Amino acid sequence: NADVHHTIHDLRWTPWGDLHFTQSIYINSFVESAFGSRILNGSGTWSFRPETEKLEIFSRGLVNPWGEAFDEWGQSFATDGAGSSGISHTFPESAHQTAVGANKVLSGLNKNTPKNTGADVIYSTALPSDWQGDIISSDFRANRTVRYKLKPKESSYESEEVQTILNSDHRSYRPVDTKVGPDGALYIVDWYNPIIDHGEVDFHHPLRDKTHGRIWRMTQNSKPTLPIKDFSSMSNAQLLEQLKAPEQQTRLQANRTLVRNKCEPETVKNWIAKLGRTSRNFEQHRLEGLWLMTALNDYDEGLLLSILRSKDYRPRAAAVRMLAHWNKQIEHKDLLNKLVTDKHPQVRLEALCALRDMGGVEAAEMAIKTLDYPRDQNLDFASWFTIKELKDDWLPSLEAGTSLFGGDVNKQMFALLSTDDTRIIPLINRLISDRNLKPKLQKEAWQKLAKIGDENAILKTLEYASLIKSRDILSALANAPRSNTAVPSDLSSIKTLLESDSVKIRRLALNLIGRWKALEFEDQVLSTAVNSEHEGEKLEAMKIDQKKFILSLT
């Protein structure tokens, strides 16, 4: 664990039969597979299917992902051993802090929360009832193990730290993983070392303890622990009944044993058919059946469609993910078209992910409908990312003049702003002055032109920003990627900016002069460097390329 920044770790089965594992920040992986090259630069979570050897990236980012856990409906959560956002809700192709190449990232659920290691969602009748569905993780720097309360919120969750369940005054207590065991108790892996860093402290430092790592076992005094079950001795019929157990660990072990036994799918179908529809846990048990069928690589369309029509949004959302797993979106696009406008935002989120995998102009037309509904952080990201990933499907149609997205200028602009493809420049120019365009999108459009525009687009942007004195647009021009070397043919607008009453505007003007090496403003730059009463403005003038502007302060 001292070298966890350089490792692949935390292998965990999903209930539908994929094997997830995490990769930390300093790794770059290039994998050749039968399904094509897979590249993950930096941190993230992989998903591997052993039977087919199909390898995919599940999510990207987190500084040092150090734990993944699933709730009883298949939603996943991650901890970060080097970040400060506590618990993060992850979903297919979600991007988080440090995700390489991501223009947008999702924040965690616990802002300004210390680093966390390991994770498990508690489902155990041997542990306190008010812990059920909570996440246990550890703050290894503060020598404590912590409980977070998870509550659904829109398409995601809110997480609140509610209790330190174990802490020590001894600085060697370094909890690095937590898991519910087969007896229902909570097990905490303690690295037991006063040194937590492997970079600044010598590997041979005498305080490094290499012999006293340990595992703590936490139980509730008022409840007995559970008898440990021998799954290998159970019949398939007995194992199926274990899928109803309150303990997630029991359900998963039964699932994996049935997979190893190569249980006949018909046996599972018969078990599902006998489930009591009036049972309080019917939806959860039926979902466990669907996951098992998926783990057994057997597609049961009737079961999947039945769960997609569930009144409970949680199994609906889980079933949408399975629809994508089986690549059945096109066959059921009419149903998916309804799910992307589902009344519950978590279902809409999963539908967006499914549409991304479906591909095609029709998928983009369906995905854009989510803009008609309230969007939280996850939905905002998923809407943007899905449209961005589908750009090679819809962008040629817009270029050809096809009236996509119902002819809605705001939806068209949203789509254009999702990508940095330079083909969007003339299309943005066509829409940017439309009177029906929302001011927020118009501002973002000018900022996009500032970032990727050619000479004419940047000139138009400079003139507009100078006219309305927009610091945000001028800042976008000044901070555009250095790879964009376009320079406006007419820089006369900068003269007005240099005469602005706003120091911030004047500093941005100086920044643009330096970026574009505008020699015609040499006198103004020199005067500012010598005479300005504002230290920041003086410094900005003095920073301008000394090879082009020789500034004398005498």
Side-chain angles (χ1 to χ4, degrees), residues 14-15 20 22 44-45 47 57-63 65 67-80 83-99 102-113 116 119-123 132-137 146-162 287 310 312-322 324 339-356 367 369-388:
T14 70
H20 280 201
T22 54
T45 301
S47 181
I57 297 166
F58 178 73
S59 65
R60 299 175 188 270
L62 298 178
V63 182
E68 184 185 29
F70 295 88
D71 74 1
E72 60 188 342
W73 302 103
Q75 294 296 320
S76 52
F77 304 89
T79 55
D80 190 342
S84 58
S85 296
I87 309 300
S88 290
H89 176 210
T90 60
F91 51 89
E93 295 195 73
S94 60
H96 308 265
Q97 182 185 6
T98 78
N103 293 331
K104 287 188 178 183
V105 295
L106 298 160
S107 58
L109 304 180
N110 305 89
K111 188 176 180 180
N112 299 323
T113 297
N116 288 93
D120 209 5
V121 181
I122 301 300
Y123 297 105
Q132 306 307 305
D134 293 355
I135 284 187
I136 303 293
S137 184
V146 186
R147 178 166 67 95
Y148 294 91
K149 176 69 69 177
L150 280 177
K151 294 181 181 178
K153 183 180 180 182
E154 299 175 316
S155 75
S156 187
Y157 300 83
E158 58 183 7
S159 171
E160 178 188 4
E161 180 184 325
V162 292
L287 181 60
S310 170
D312 188 331
Y313 79 88
R314 296 170 298 181
R316 280 205 313 278
V320 175
R321 192 174 296 190
M322 293 303 97
L339 291 164
V340 80
T341 59
D342 192 273
K343 63 182 179 181
H344 198 281
Q346 191 168 96
V347 179
R348 299 200 298 273
L349 175 67
E350 294 288 348
L352 281 167
C353 297
L355 288 168
R356 191 162 60 238
K369 293 180 180 180
T370 57
L371 302 188
D372 295 328
Y373 295 80
R375 285 177 290 149
D376 59 8
Q377 176 190 217
N378 284 358
L379 280 166
D380 192 55
F381 171 87
S383 300
W384 165 81
F385 187 64
T386 298
I387 294 298
K388 172 180 176 289

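Since this is a predicted model, take the numbers as computed values, not measurements. Residue indices begin at 1 and follow the sequence shown.
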Between E350 and R321, is the closest basic N to carboxylate O distance under 4.0 Å? yes
How long is the straight-line distance from CG of D134 back to OH of Y123, given to the nearest 0.5 Å? 9.0 Å
Looking at A382, is its backbone amide N or carbonyl O close enough to the side chain of T386 to form a donor-acceptor pair, meaning the two atoms are under 3.5 Å apart? yes
Rounded to the nearest 0.5 Å, the NE2 atom of H89 sits from the CD atom of Q346 at a distance of 5.5 Å
Would a distance-only check, ignoring hydrogens and angles, find a side-chain to backbone donor-acceptor pair under 3.5 Å from R147 to V162? no
Name the orientation class of the two ring planes belonging to F381 and F385 (parallel below 30°, tilted from 30 to 60°, perpendicular beyond 60°). parallel
For the CG atom of D120 and the CD atom of E68, what is their distance to the nearest 0.5 Å? 11.5 Å
Carboxylate-amine/guanidinium contact D342 R348, below 4.0 Å: no
Distance check, rounded to the nearest 0.5 Å: F91 atom CZ versus L349 atom CG? 5.0 Å
Residue pair W73 / A318: nearest heavy atoms and the distance that separates them: O-CB, 3.6 Å
Is there a side-chain contact between L379 and Y373, using heavy atoms and a 4.5 Å cut-off? no
Over all atoms of both residues, closest heavy-atom pair of G108 and S88: CA-OG, 3.6 Å
Audit row: S137, T79, side chain to side chain donor-acceptor pair (under 3.5 Å) steps and yes/no: CA-CA 8 Å; S137 184; T79 55; 4.5 Å; no
Check whether any side-chain N or O of T370 sits under 3.5 Å from a backbone N or O of A367 as a donor-acceptor pair, and report yes or no. yes
Taking every non-hydrogen atom, the tightest pair across V340 and A351: CA-CB, 3.7 Å
Verify, without hydrogens or angle tests, whether S159 (side chain) and I87 (backbone) share a donor-acceptor contact under 3.5 angstrom. no
Under the side chain to side chain contact (heavy atoms under 4.5 Å, CB included) test, which residues partner R60, sequence neighbours left out? L40, I57, A99
Does the side chain of S107 come under 3.5 Å of the side chain of Q377 through a donor N or O and an acceptor N or O? yes
Shortest non-hydrogen contact between S155 and N378, atoms and distance: OG-CB, 3.3 Å
Under the side chain to side chain contact (heavy atoms under 4.5 Å, CB included) rule, collect the residues that match up with K111, sequence neighbours excluded. none
Minimal non-hydrogen separation, A354 against V320, with atom names: CB-CG1, 4.1 Å
Give the minimum heavy-atom separation between E160 and N110, together with the two atoms involved. N-ND2, 4.0 Å
Could you check whether the rings of F58 and H20 sit parallel, tilted or perpendicular, using 30° and 60° as the cut-offs? tilted
Count the heavy atoms belonging to other residues, nucleotides or ligands that lie under 6.0 Å from NZ of K104, then report whether that count exceeds 12. yes
Can you list the steps and then say if Y148 with L109 is a side-chain contact (heavy atoms from CB on, under 4.5 Å)? CA-CA 10 Å; Y148 294 91; L109 304 180; over 6 Å; no
State the CD1-CG distance between I387 and L371, to the nearest 0.5 angstrom. 7.5 Å
Could you give the distance from CG (L62) to CG (L106), rounded to the nearest 0.5 Å? 9.5 Å
Using atom types as modelled and distance alone, determine if a side-chain donor or acceptor of D80 lies under 3.5 Å from a backbone N or O of V63. yes
